[in-house]
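For reference, the structure discussed in these notes is given below.
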Amino acid sequence: MNFNLEPCGKNRYRLSPYGDMQVEALVFLSPKLKAQFGESEALKQLADAASLPGVVSPVIGMPDIHTGFGLPIGGVMATDSKTGVVSAGAVGMDINCGVRLLRTNLEAKSLTTGKLEKLLAAIEKRVPSGVGKSSLYREFREADLEAVTHQGAAYFIRRGYGFPEDEASIEAGGALPGADLKAVSQQARERADQLATIGGGNHFIEIGEVEKVFLPEVASVMGLQEGQVTILIHTGSRGFGHQICTDYSARMAQAASKYGIRLPSKGLAAAPIDSPEGRQYLAAMACAANFAFANRQLITFLVREAFEEVLKLSLEEIGLELVYDVAHNIAKFEEHKGRTLLVHRKGATRALPAGHKENPARYLATGHPAIIPGSMGTASYVVIGTERIGETFNSVNHGAGRIMSRKKAKSSLSPEELQESLKGVLLRAKNLRSLLDEAPVAYKDIDEVVGTLVDAGLTKPVARLKPLAVIKGEGDEG
DNA sequence: ATGTAC
């Protein structure tokens, strides 16, 4: 199938009409990304999304777009809250996969390799990584699931697992409204024993350094400065959210015909927002989103504990304050041009513009940080949306974006090549072969991807972070 | 992403 992209502005393309598209689809690519872009399947997925009932123009492909289940990863789909649909596949399997950035008072040059190794070990001792791992601590494995899923990060912050001020630096305050555990299957509840674990795939905990500040005044509001040690935590709702997506995708596929919805693909199974299936999915999705906020909160608590133990300093001295925590797989009701829309972001990060009332008070004048993790061993970015960010429903990309499938990476790369590409970044992993699909060469160039939206006038980089040491969860050896 | 296959 040939999908044609017509240029329609700087780094901006419009997908030529295809099938039953009701609205436009836009894709943001730099000339270099355009030249290497071969993902016709991802474009078909955008066209499919643009054909769903109640979809609002335009459906958007971010510069990190690649084929996903239903909607591409790097996709934004907004639907009208009254006439539109909700799709579990357009949120993704890992509901509220997201990134949290912590700042410190430490200078990167004060951390020797030996100290970094001790820090990684102290974190690893507390936070399991890898597929299928459950929490090391009974109080987390057996936490009151209704309270966790309804209250999110605040449930644990109020019990001492965090600073009271953490809550204000989390998207949606760390708890999406409308969560209802009654909408969650027994099978999903049985997979809720993974709080305070990072999982596998692209998830990680990274100790890094602010390598470059681009906007000193904004960086200062965020407490960031060059040479400073930072922590990134990238994980989501683990098996719990995965099961909820699986359950509701199947239910929506089954229910679609009774609502007269023609499904363009199985992955885009959808139900009217105002239907039992739609409402229950959103209630269950909010449970998974809140579980993920709680997960990142508990990991934060354990990272703080690890730093105190290794550095033998107080948290007051170390810092480790939360800069921000932002989701990149989620659907939320948001106001755009006077309409209430359900904005599905799958591999896309919210970035509210300066002055938007949903920013936390401390970021009202700047816009909150949008955190964009690079692949293992490469830089990450903190960006803000510009006054034009409404053109993408206040959304930016979520990472570098895969350029090589997991399967291809596993078969064509060697552990030696992976080690070489890490360029001295400390990596805690027993088995490099299981991480080949996470090799930097399997991903697009993060500078190019971030630069695409910057040049399109939608974002501004605030700071670039470079990795010093990283914990990755292992997968299988494929 | 994922008890990586019901």
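Letters A, B, ... are given to chains in the order of the sequence lines, protein chains preceding strands, and every chain is numbered from 1.
The ring of Phe3(A) has its center closer than 6.0 angstrom to the ring center of Tyr18(A).
In this entry the distance linking CE of Met93(A) with P of dT4(B) reads 12 Å, nearest Å. If you take NE2 of His203(A) and C1' of dT2(B), they are 10 Å apart, rounded to a whole angstrom. To the nearest angstrom, P of dT4(B) lies 9 Å from NE2 of His242(A). Look at CD on Glu438(A): it is 10 Å from P on dT2(B), rounded to the nearest Å. To the nearest angstrom, P of dT2(B) lies 14 Å from NZ of Lys346(A). Rounded to whole Å, the distance from CG on Asp247(A) to P on dC6(B) is 12 Å. Rounding to whole angstrom units, CZ of residue Phe291(A) and C1' of dT2(B) are separated by 14 Å. Rounded to an integer number of Å, the gap from CD of Gln187(A) to P of dA5(B) is 16 Å.
Between Arg238(A) and dT2(B) there is a side-chain N or O to OP1 or OP2 distance below 4.0 Å.
Of the residues near DNA chain B, Asp94(A) and Val131(A), the one whose nearest nucleotide (by heavy atom distance) lies more toward the 5' end is Asp94(A).
Contact annotation for Gly241(A): no contact, since no heavy-atom pair falls under 4.0 Å across all strands. Nucleic acid contact class of Gly200(A) (heavy atoms, under 4.0 Å, all strands): sugar-phosphate only.
Listed by first then second residue, pairs satisfying salt bridge (Lys or Arg N to Asp or Glu O under 4.0 Å) with a partner in residues 52-78 of chain A number zero, not counting sequence neighbours.
A donor-acceptor pair under 3.5 Å is absent between the side-chain atoms of Lys408(A) and the main chain of Ala442(A), judged by distance alone.
Judged as a side chain to side chain contact (heavy atoms under 4.5 Å, CB included), and not counting sequence neighbours, the contacts of Glu167(A) are Ala154(A), Ile157(A), Arg158(A).
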